[in-house]
Peer 1: 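Just dropping this structure here.
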Number of protein chains: 2
Amino acid sequence: MSEALRPMVKSRLYEQVLERLRAHVTEAGLSAGDRLPAERDLAASLGVSRASVKQAIVVLEVQGLVEARHGGGTYLVRDTLDVEPVEQLVERRKRLPEVLEAREALETKLAELAAERRTDAELETIREALDFMRDEIAEGANGVEGDRRFHAAVTAAAHSSLLADFMKTIAQQITESRTESLRQPGRPSRSLAQHTAIYEAIAAGDAKKAAAAMRKHVRTVAKVRLLTWVPED
Amino acid sequence: MSEALRPMVKSRLYEQVLERLRAHVTEAGLSAGDRLPAERDLAASLGVSRASVKQAIVVLEVQGLVEARHGGGTYLVRDTLDVEPVEQLVERRKRLPEVLEAREALETKLAELAAERRTDAELETIREALDFMRDEIAEGANGVEGDRRFHAAVTAAAHSSLLADFMKTIAQQITESRTESLRQPGRPSRSLAQHTAIYEAIAAGDAKKAAAAMRKHVRTVAKVRLLTWVPED
DNA sequence: CCGGTCAAGTGGCTCAGCCACTATGCCACC
DNA sequence: GGTGGCATAGTGGCTGAGCCACTTGACCGG
């Protein structure tokens, strides 16, 4: 435990920027959906380079606290930039099984409706999402954006604004489970295969088969997720 | 949920770099302590700018998977760059209370011994750690490095290689609880005050008071941490 | 009122370069 | 022999300028 052997660790610049950003959000009373100052402005007012500001924003991005839209600004996802306390994270995990049950009910019905009601244009959009996910995986990404698009396209094709609204209320939690699920080795390609099966059923107009395929898919995701949760000692 | 309204989200470049880095570590069979290629080399071989490589490395840094030493290269902390599965994280949380109990026992005794055995030079090192943490907090950081140095200095001043070895075996888990604890609002300054009390007792050679101050400090940390753990439904 | 166009604003990314720090090997000196 | 100092190359930290792609909103013509 000799001290002298350890390197001198100065805090990195981006960490200080992070602190200032958190403080700014708190002081300015910003809340979810509000826009952060532009990177150039932040760099100027903090007296650092844009690259350092960007590093800080990347950190906030991977922590899911901020969403940077190319050309459109950077937006707050929550009311604060503080990392979520473990307590709340555990709390949310406990509610997750319910969310996944709800998702199964909703998406199964959505797939069924989509098979019956989809227009050719909507079918095409679903297929594009499939292609997009395939490209993502080929590039080495996990396909999370393609996955999101696929489910969004199916939802749109079902032409049920009520079911779509329900989906919206659990969208955030679904996003989280999606990311975690697709991080499992081998998951992206298996998920793509299941999407393909759903697509084919919808393309064929086979409502029953589409519902079954979607149910199987959602249950797979739920299973992966539940394995990571240990409810008690 | 119309798809066309959503921005075209191409995966950010740094995310792709991240994937390639993970793959490289796996394929090259690198393990903890090994050095990653230099940023310039990575940028060249991946065909991206150094800024993008750096963004990816910053992500790995905040995830604790990598340690970048200014001028000395970037090193692997674990044998992999994959984020820790939630399952293992939960497992470790369950063991944490034991670790904190052990820490209380060890550090209390270490403080006591330090008060009796410390040399003037060692006392000076402890004071420097205190000053360092104060500066960190003044700069807006959370003081985690100063905290680490303080406890390391006290351990060294105790002149007990056996106790020091015991501390080493739980060092990793202590580091994690340290980081999390100091993230709580107001914690850094309160922690600094407790450190000061410990320092003064050691400086005065008051073993009993030093032990008591250290016990109080460690228990405070343990309390903060335990609040975040919900053992059952 | 609608739809198209255009300019300003913004994030994504690159390039070139300087600085601070580290690691290494060499060399003078003891 | 080895020990300490020192130069040098390598490396991460950070900057500034700049280009591109995309979004946004205002403006204008129909």
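In the text below, chain A, chain B and the rest are named by the order of the sequence lines, each starting its count at 1. All values reported here derive from a predicted model rather than from experimental measurement.
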Peer 1: Give a yes-or-no answer on whether the side chains of A:Q194 and A:T220 include a donor-acceptor pair shorter than 3.5 Å.
Peer 2: yes
Peer 1: Does anything in residues 20-30 of chain A pair up under salt bridge (charged side-chain N to carboxylate O under 4.0 Å, His left out), and if so which pairs, sequence neighbours excluded?
Peer 2: none
Peer 1: Grab the OH-P distance between A:Y14 and D:dG12 for me, whole Å please.
Peer 2: 14 Å
Peer 1: For the pair made of CG in A:L13 and P in C:dC18, what is the distance, rounded to whole Å?
Peer 2: 20 Å
Peer 1: Would you please confirm or rule out a distance under 4.0 Å between OP1 or OP2 of C:dT10 and any side-chain N or O of A:R35?
Peer 2: yes
Peer 1: Could you check which residues of residues 40-54 of chain A get a heavy atom under 4.0 Å from DNA chain C? Sort them by number, please.
Peer 2: A:R40, A:R50, A:K54
Peer 1: Starting at atom CD of A:E15, determine the distance to atom P of D:dC14, rounded to an integer number of angstrom.
Peer 2: 9 Å
Peer 1: Take atom CD of A:E67 and atom P of D:dT23, then tell me their distance rounded to the nearest Å.
Peer 2: 12 Å
Peer 1: Measure the spacing between OG1 of A:T155 and NZ of A:K109 and express it to the nearest 0.5 Å.
Peer 2: 14.0 Å
Peer 1: Rounding to a whole Å, what distance do you find between B:I57:CD1 and D:dC14:C1'?
Peer 2: 14 Å
Peer 1: Without hydrogens or angle criteria, can the side chains of A:H159 and A:E122 be said to hold a donor-acceptor pair below 3.5 Å?
Peer 2: yes
Peer 1: Just call it for B:G72: base, sugar-phosphate, or nothing, with non-hydrogen atoms closer than 4.0 Å on any strand.
Peer 2: sugar-phosphate
Peer 1: Within this structure, what is the CD-to-P distance between A:E39 and C:dT14, rounded to whole angstrom?
Peer 2: 14 Å
Peer 1: I need the NE2-P distance between B:H70 and C:dC19, as an integer number of Å.
Peer 2: 13 Å
Peer 1: B:H195 vs B:H151 aromatic rings, parallel, tilted or perpendicular, using cut-offs 30° and 60°?
Peer 2: perpendicular
Peer 1: For residues 37-49 of chain B, which side-chain donor-acceptor pairs fall under 3.5 Å, sequence neighbours excluded?
Peer 2:
{"residue": "B:E39", "atom": "OE1", "partner": "B:R50", "partner atom": "NE", "Å": "3.2"}
{"residue": "B:E39", "atom": "OE1", "partner": "B:R50", "partner atom": "NH2", "Å": "3.2"}
{"residue": "B:E39", "atom": "OE2", "partner": "B:K54", "partner atom": "NZ", "Å": "2.8"}
{"residue": "B:S45", "atom": "OG", "partner": "B:D41", "partner atom": "O", "Å": "3.3"}
{"residue": "B:S45", "atom": "OG", "partner": "B:L42", "partner atom": "O", "Å": "3.3"}
{"residue": "B:S49", "atom": "OG", "partner": "B:A51", "partner atom": "N", "Å": "3.4"}
{"residue": "B:S49", "atom": "OG", "partner": "B:S52", "partner atom": "N", "Å": "3.4"}

Peer 1: Could you check how far CZ of A:R12 sits from P of D:dT15, rounded to whole Å?
Peer 2: 13 Å
